[in-house]
Amino acid sequence: MAIWLVLFITLFTVGESQTTNSFNQTDFEEAMTDMRSKSYYGFVILLKILNSQPNSLQTNDLTFLMPSDEELSQYSITPGQIHDFIFSHSIPTSLVLNHLLHFPNGSVVPSSLPSRVISITNSGRSGLFVNNAKIVTPNVCQTSFIRCHGISATLTFENDVPFRRAQDPKDPPKGSDVPHPTRSVRKMSIPPLY
Ligand SMILES: *[C@@H]1O[C@H](CO)[C@@H](O)[C@H](O)[C@H]1NC(C)=O
Ligand SMILES: *[C@@H]1O[C@H](CO)[C@@H](O)[C@H](O)[C@H]1NC(C)=O
């Protein structure tokens with residue numbers, strides 16, 4: 001019981017103690033080393049392309065959800081879609097598996113792309129799901145403040161319809177929708193959409 005309480009407290013304070021984090025290239029390199037050690041090469045390549053664009057990543061307060069190389073190799077992606085792909089496959093706060101496990105079943109959290117949300121479903125023995133994908137290799141990134149988990153599929157987003165503004169020609173250009181780095185876990189308590 002006490003341990004659960006500690007986990008909850010950790011969850012609710014971790015976002016706030018690190019809110020002043022700006023992007024740290026050293027931490028980012030360490031996270032990518034962790035990813036390579038578990039053979040998430042494709043995801044690392046996409047991250048490097050994104051990172052080569054100015055001001056793409058603005059905080060290390062991130063959890064990446066990484067499809068395997070096999071999954072990525074079957075996914076159609078253009079250079080212009082890399083930003084949205086990576087941002088929709090990340091959560092703008094640092095979460096280890098234990099944090100995710102202690103979200104109430106069916107919780108909805110924002111991805112780093114404001115129009116897209118990720119629901120967390122605990123299917124007991126079948127595992128923990130983020131939208132359509134199962135977390136298959138948890139806690140790959142351990143060295144830096146960035147967290148990452150391997151997932152079974154590229155994420156699909158059915159819940160994002162109410163938020164979509166993609167067809168709006170007045171939409172700001174890519175990159176301007178980067179989440180504010182001070183976003184904390186507490187502010188993530190978005191009610192379920194159903
Ligand atoms: C980046 O992170 C590393 C390790 O966590 C730390 O030693 C270094 O001082 C940080 N650099 C900056 C610019 O904050
Ligand atoms: C979580 O919700 C899903 C469906 O929304 C359900 O199938 C599953 O059994 C629930 N898990 C737990 C641990 O209650």
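Counting starts at 1 for both ligands and their atoms, in listed order.
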D34 vs T143, side-chain hydrogen bond (donor to acceptor under 3.5 Å, both in side chains): CA-CA, chis, key distance, verdict: CA-CA 7 Å; D34 287 342; T143 315; 2.8 Å; yes

Main-chain N/O of N24 paired with N60 side-chain donor or acceptor, under 3.5 Å: yes

Can any side-chain N or O of S68 pair as donor or acceptor with the backbone N or O of E71 at less than 3.5 Å?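 Yes.
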
Hey, does N122 come in under 3.5 Å of ligand 2, counting only N/O atoms on both sides? yes

Can you find an N/O atom of N105 closer than 3.5 Å to an N/O atom of ligand 2? yes

Could you label the plane-to-plane angle of the F157 and H89 rings as parallel, tilted or perpendicular, counting under 30° as parallel and over 60° as perpendicular? perpendicular

In this structure, CZ of F64 is separated from CD1 of I151 (nearest 0.5 Å) by 12.5 Å

Verify same cluster id: F28, Y41 (apolar side-chain graph, 4.5 Å): no

If you count only heavy atoms, which residues are under 4.0 Å from ligand 1? N24, D27

Close side-chain approach of T137 and H149, heavy atoms under 4.5 Å: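 With C-beta onward as the side chain, the pair stays apart.
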
